[in-house]
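So you know, we letter chains A, B, ... as the sequences are listed, proteins then strands, and number each from 1. Since the model is a prediction, treat every value here as computed from it, not as a measurement.
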Amino acid sequence: MSFNEFVQTLPLLDHHAHYLIKGDVVNRSHRLLRVSSEADAQYPIADTANRLAWSAFQKVARQFDAATDAAYRAGTPAAEALKPMDASAYRQYNRRVFAAYNYRTLFIDTGFVPDDAILDLDQTADLTGLTVRPIYRLETHAEKFMERYDNFDEWSQHLLDAVSQVRAQGYVGCKSIAAYRVGLQVTTVREQDAHRAFDLWRAHFEDTGSSRLEDQDVINYLLGMVAPALIEQHLPLQFHVGYGDADTDLYLGNPLLLRSFLQHFCYDGLQVVLLHCYPYHREAGYLASVFPGVYFDTSLVNNLAPSSTQSVVRESLELAPYSRYLFASDASTYVEMYAVAAQTFKDALAAQLDSVGTADTAQKQAWARMVCYDNAAQLYGVPLSTTN
Amino acid sequence: MSFNEFVQTLPLLDHHAHYLIKGDVVNRSHRLLRVSSEADAQYPIADTANRLAWSAFQKVARQFDAATDAAYRAGTPAAEALKPMDASAYRQYNRRVFAAYNYRTLFIDTGFVPDDAILDLDQTADLTGLTVRPIYRLETHAEKFMERYDNFDEWSQHLLDAVSQVRAQGYVGCKSIAAYRVGLQVTTVREQDAHRAFDLWRAHFEDTGSSRLEDQDVINYLLGMVAPALIEQHLPLQFHVGYGDADTDLYLGNPLLLRSFLQHFCYDGLQVVLLHCYPYHREAGYLASVFPGVYFDTSLVNNLAPSSTQSVVRESLELAPYSRYLFASDASTYVEMYAVAAQTFKDALAAQLDSVGTADTAQKQAWARMVCYDNAAQLYGVPLSTTN
Amino acid sequence: MSFNEFVQTLPLLDHHAHYLIKGDVVNRSHRLLRVSSEADAQYPIADTANRLAWSAFQKVARQFDAATDAAYRAGTPAAEALKPMDASAYRQYNRRVFAAYNYRTLFIDTGFVPDDAILDLDQTADLTGLTVRPIYRLETHAEKFMERYDNFDEWSQHLLDAVSQVRAQGYVGCKSIAAYRVGLQVTTVREQDAHRAFDLWRAHFEDTGSSRLEDQDVINYLLGMVAPALIEQHLPLQFHVGYGDADTDLYLGNPLLLRSFLQHFCYDGLQVVLLHCYPYHREAGYLASVFPGVYFDTSLVNNLAPSSTQSVVRESLELAPYSRYLFASDASTYVEMYAVAAQTFKDALAAQLDSVGTADTAQKQAWARMVCYDNAAQLYGVPLSTTN
């Protein structure tokens with residue numbers, strides 16, 4: 001068995017993914033094409049069709065969906081080939097694809113939901129045949145609590161109480177999208193400054209009805225406030241880092257900006273997970289190599305930029321320990337997106353390890369298993385691959 | 001025919017280049033060596049001779065210039081081998097080299113001119129055997145109008161009138177060198193602030209005689225002012241990005257800094273072209289993948305850093321659509337610089353596409369043709385390769 | 001002889017290294033594991049053991065230390081295999097390893113010293129069999145002079161006098177760790193601002209007993225003050241750049257931030273050496289290609305990130321002249337760290353040059369010799385490899 005063949009057999013824990021949608025949505029081809037890019041609806045779809053992600057998504061569909069494959073062989077355009085399916089055929093198709101890559105467990109960030117025909121956690125488990133666990137998105141809950149409580153003290157107290165219960169409520173981790181809202185320069189905020197900023201935010205909500213949290217002081221205060229409660233519960237804190245849609249300021253998504261936050265909390269036991277990271281994955285690998293408790297993945301480019309995965313995995317593991325790097329897809333909507341992530345990632349990880357001339361095969365196999373499953377299992381407190 | 005052989009046959013539209021000079025300049029070897037680097041005259045020429053660009057330029061000369069090849073075989077030093085040529089031999093040599101790479105069309109930024117013995121657009125067309133079209137450099141014209149008009153209202157009105165006529169005058173695009181003067185953090189400037197900054201600039205001109213535009217408010221105002229006129233004329237706006245000479249602050253040449261400008265104008269139809277981009281080409285590919293109307297090239301490293309081209313092309317196309325990436329050389333002075341750009345770029349593009357396992361050959365051939373010619377043709381509004 | 005075989009024969013001048021320690025330290029395995037990472041003592045050692053550096057260090061020990069190799073073949077864990085040695089065996093082992101990579105000369109930054117059992121310069125020369133020369137660390141001496149002189153004028157005058165004598169005292173270069181203390185945005189500081197900042201620094205010392213220099217104005221003033229004295233003595237100024245331990249702010253370690261300092265002093269003859277540089281080695285290569293007097297290395301990743309060396313060397317030489325790039329290890333403590341640097345660097349340099357199709361073998365051999373030895377010899381003013 002080649003090293004690549006060995007890696008293909010490994011189970012996957014995807015610690016950062018999103019909801020799938022139903023199979024009977026009309027225009028499945030169009031939805032799949034849209035989801036092959038981080039661009040929004042105003043971006044010309046003809047350009048999205050000229051990206052490698054779209055060709056990779058189509059190839060998965062041809063490989064696993066007999067109808068699509070037949071249509072493709074007959075020269076049918078993609079729009080015709082990717083037909084909607086009834087619930088039973090769709091369930092079989094999804095389970096076939098997830099099983100082919102040995103997916104076992106999905107952690108779902110419940111704060112982002114695709115446009116329509118959403119499945120809930122139980123439906124997702126049924127559709128995919130996988131164990132599914134939820135991730136708690138901080139800013140989303142902070143917004144809901146602000147709608148409910150009109151003063152800073154009540155807001156912060158109730159929010160902190162809620163965050164202190166998330167492990168007990170079945171969540172396995174928390175996530176912050178500070179990078180999307182204000183950037184990653186997370187510094188310590190005095191309570192009085194947070195108080196003042198909260199009042200402005202609440203007043204804006206009362207004026208406009210929008211509860212969207214975009215204030216740097218509030219977000220930074222929130223992160224400092226909840227960190228001890230996360231440490232207490234052994235709950236990792238995920239950060240969106242780097243690559244995302246046009247709504248993120250990629251300049252401010254550099255994980256090196258998190259340094260003072262990491263210095264403040266990682267030595268106290270906070271576990272921080274940097275998500276996506278591209279094009280700052282070398283920087284993320286550096287942070288993982290010098291800060292206790294820093295983990296990272298290179299999700300989202302392994303499906304939306306499939307030709308990058310070989311380089312990205314190689315560059316990620318230049319400095320990082322194998323015990324700090326995690327598989328993830330950041331996929332949503334359709335199974336093809338999860339499949340391309342798994343496929344390019346397993347190939348790239350196998351190639352990277354295969355080229356290592358200083359460790360023996362047993363060590364390399366152990367590292368591959370850790371990256372695919374057990375690092376995340378240990379970090380988030382769920383059973384290891386061998387007991388799953 | 002291998003995929004590489006196919007790509008070699010494709011015609012090239014070079015949407016970003018500069019003037020060539022005459023062939024009878026003495027010391028052709030020294031001029032060619034100088035132009036193999038972005039360093040200025042104070043940089044030690046012995047170091048420039050230890051760069052791969054110089055060895056690549058010499059190899060082109062040996063390959064296409066019989067006299068140089070003979071001298072080289074006889075062990076003559078480069079300085080002797082690269083002899084000046086009379087007009088007729090030089091014209092034949094130039095046409096032979098451009099034809100070998102199937103160059104068809106050059107867009108010339110008329111705002112930068114090499115030191116001496118400049119050719120004009122018609123002479124360039126005659127020397128090269130190519131179709132030649134001009135690009136309008138904004139800051140250069142803004143400076144000329146400031147010399148002519150001593151008050152902000154007249155300056156801005158006449159400049160805007162002029163920019164509104166550039167398509168009609170035969171220009172195919174505009175270019176900004178904001179990155180060289182103030183960096184790419186282009187934000188919205190209030191008219192009163194631009195007015196005040198203009199007055200200081202004009203006063204400085206009256207004091208010193210220097211009209212050089214280096215004021216951030218004036219440049220940012222200028223860009224915001226002309227953007228609607230460019231949209232109106234379907235004229236793309238090129239930005240110098242990243243790699244350049246010691247005079248550019250590469251730290252401020254990061255294209256991610258353009259984000260608020262892109263958000264402001266790309267959704268209204270402005271077409272923006274990011275030039276060079278290295279070492280920020282992954283960032284440029286990201287912008288092209290999420291903003292409507294953003295295109296980019298990786299010129300200047302394909303000739304001045306020839307060993308980079310394989311990686312740079314690969315990294316550029318991780319996120320970007322094939323419909324948003326363009327060939328360009330940014331070459332000037334001598335044909336060898338255009339040749340090395342074409343050679344390394346065609347080889348790298350062929351290798352990148354050859355490694356794609358999810359698209360068929362017809363698709364990959366179509367993408368190669370787009371990158372080499374038709375993306376630029378469509379963007380700038382000139383005939384497609386098939387009609388050229 | 002293959003090109004790789006040729007490069008293996010080349011002598012090495014390591015212009016940036018640190019002290020080794022004695023061989024009879026108990027727990028050699030633990031010390032070697034620690035030094036395979038830039039993480040501090042609070043970082044979990046189990047993660048450090050999951051880095052490729054550790055497997056590379058162990059492999060060197062197995063290859064050159066018969067006892068370790070025998071223990072390894074018998075399945076003994078690393079902790080047992082890497083036994084302490086007596087002085088004689090340790091000396092033989094060290095000399096065997098340094099000779100295997102053809103190390104000839106070490107420049108030691110005497111400002112950093114490993115924890116215990118330090119060797120001095122003469123002991124280091126005896127242990128290794130190499131020529132050893134010291135590098136003067138600016139901030140360390142600035143701190144000592146501040147302890148001695150309580151006013152700005154005396155401090156600056158005595159410090160400048162001392163720096164003006166460092167070549168005469170046998171030092172071959174100076175080093176600044178500004179990146180560790182305040183970042184690389186080195187700008188011109190007015191004397192009155194430096195004076196004020198000095199007084200605060202001195203007062204803080206009197207209050208706390210800590211002389212640690214962390215003030216941006218003092219450091220920037222210091223660099224501007226000593227630059228002319230370094231030019232006078234032809235003494236290169238090294239800067240820590242990029243990769244380092246958790247104590248450095250990697251965001252502020254970008255060498256592009258040095259631009260105004262380089263513009264100010266490089267045209268006057270200052271020679272600047274950028275150390276480590278990862279992940280900013282492309283940026284460092286750019287600076288070396290446009291500024292007179294800028295040199296760089298990619299030390300520390302060639303041993304602590306051994307799988308990176310192929311990419312890093314390739315990316316470093318995209319723009320840089322071969323006459324501006326230097327081998328270095330930045331190693332300390334144990335010979336294995338020096339060995340891995342030499343091994344991965346020689347392999348990577350050979351591969352990079354082997355892939356160059358535009359230069360002949362004689363030229364490529366000359367470039368390899370320059371990078372391994374003669375660039376540094378010429379820069380620091382010590383004999384060339386051919387005379388060593």
Side-chain angles (χ1 to χ4, degrees), chain A residues 36-63 72 75 78 183 242-254 276 278-282 298 300-302 304-312 315 336 340 343-344 347, chain B residues 184-185 251-252 254-260 262-263 266-269 271 279-295 310-311 313-325 351-360 362-364 366-367 370-371 374-375 378:
Chain A
S36 76
S37 161
E38 282 288 288
D40 62 23
Q42 295 172 269
Y43 189 89
I45 200 72
D47 288 316
T48 298
N50 283 314
R51 296 179 69 249
L52 287 176
W54 176 229
S55 74
F57 284 24
Q58 286 175 283
K59 194 179 176 189
V60 168
R62 288 199 303 271
Q63 192 178 342
Y72 176 76
Y243 182 43
D245 62 34
D247 196 37
T248 197
D249 185 341
L250 194 59
Y251 195 77
L252 300 178
N254 187 329
H276 328 127
Y278 180 96
Y280 305 115
H281 45 283
R282 275 177 159 160
T298 49
L300 201 53
V301 285
N302 49 24
L304 300 195
S307 69
S308 77
T309 315
Q310 294 276 346
S311 301
V312 167
E315 290 165 354
E336 289 84 355
V340 174
Q343 192 174 72
T344 69
D347 283 349
Chain B
L184 288 174
Q185 197 137 18
Y251 196 79
L252 299 178
N254 187 328
L256 297 178
L257 294 170
L258 275 175
R259 185 171 172 261
S260 80
L262 301 178
Q263 281 191 308
C266 286
Y267 293 96
D268 292 346
Q271 292 171 311
Y280 305 115
H281 45 283
R282 275 176 159 161
E283 286 81 351
Y286 160 74
L287 292 172
S289 80
V290 292
F291 281 103
V294 173
Y295 296 75
Q310 294 276 345
S311 301
V313 169
R314 190 170 34 74
E315 290 165 355
S316 296
L317 289 164
E318 288 172 346
L319 282 177
Y322 286 98
S323 47
R324 298 294 190 86
Y325 185 52
Q352 196 275 341
L353 281 164
D354 220 15
S355 75
V356 170
T358 54
D360 61 24
Q363 175 67 82
K364 295 201 267 190
W367 282 337
M370 287 159 62
V371 169
D374 288 341
N375 287 338
Q378 213 145 20

Counting only heavy atoms closer than 4.5 Å, note whether B:Leu317 contacts chain A via side chain, backbone, both or neither.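 For B:Leu317, backbone heavy atoms alone lie under 4.5 Å from chain A.
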
Please flag which part of B:Ala288 lies under 4.5 Å from any non-hydrogen atom of chain A: side chain, backbone, both or neither. backbone

A:Ser37 and B:Ser289: which non-hydrogen atoms are nearest, and at how many Å?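 What the structure gives for the nearest pair is OG-O, 3.8 Å.
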
Sequence neighbours left out, what passes salt bridge (Lys or Arg N to Asp or Glu O under 4.0 Å) with A:Arg282? Give chain and number order.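 If we apply the salt bridge (Lys or Arg N to Asp or Glu O under 4.0 Å) test to A:Arg282, skipping adjacent residues, the hits are A:Glu318, C:Glu315.
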
Would you give the length of the straight line joining atom [atom1] of [X] to atom [atom2] of [Y], rounded to the nearest 0.5 angstrom?
X: A:Asp47; Y: B:Phe291; atom1: CG; atom2: CZ; result: 14.5 Å
X: B:Thr358; Y: A:Gln343; atom1: OG1; atom2: CD; result: 9.5 Å
X: B:Leu256; Y: A:Leu252; atom1: CG; atom2: CG; result: 9.5 Å

Can a donor-acceptor pair be found, under 3.5 Å and without considering hydrogens, that links the side chain of B:Arg259 to the backbone of A:Ala246? yes

If we ignore hydrogens and angles and just use 3.5 Å, is the side chain of B:Tyr286 paired with the main-chain N or O of A:Asp245 as donor and acceptor?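 Judged by distance alone, yes, a pair lies under 3.5 Å.
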
Are the side chains of B:Leu319 and A:Arg51 in touch, meaning some heavy atoms are under 4.5 Å apart?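 The answer is yes, as the side chains (C-beta and beyond) meet within the 4.5 Å cut-off.
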
So which of A:Pro306, A:Ala39, A:Ala53 has the largest heavy-atom pair count under 4.5 angstrom toward chain B?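 Greatest number of close heavy-atom pairs with chain B: A:Ala39.
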
Applying side-chain hydrogen bond (donor to acceptor under 3.5 Å, both in side chains), can you list everything that pairs with A:Glu336, at least two apart in sequence or on another chain? A:Arg28, A:Tyr93

Report the C-alpha separation of A:Tyr251 and B:Leu257 in whole Å, then their side-chain angles, then the decisive distance to 0.1 Å, and conclude whether the side chain to side chain contact (heavy atoms under 4.5 Å, CB included) test is met. CA-CA 7 Å; A:Tyr251 195 77; B:Leu257 294 170; 3.7 Å; yes

Pair B:Arg314, A:Ser307 - check side chain to side chain donor-acceptor pair (under 3.5 Å), show working. CA-CA 8 Å; B:Arg314 190 170 34 74; A:Ser307 69; over 6 Å; no

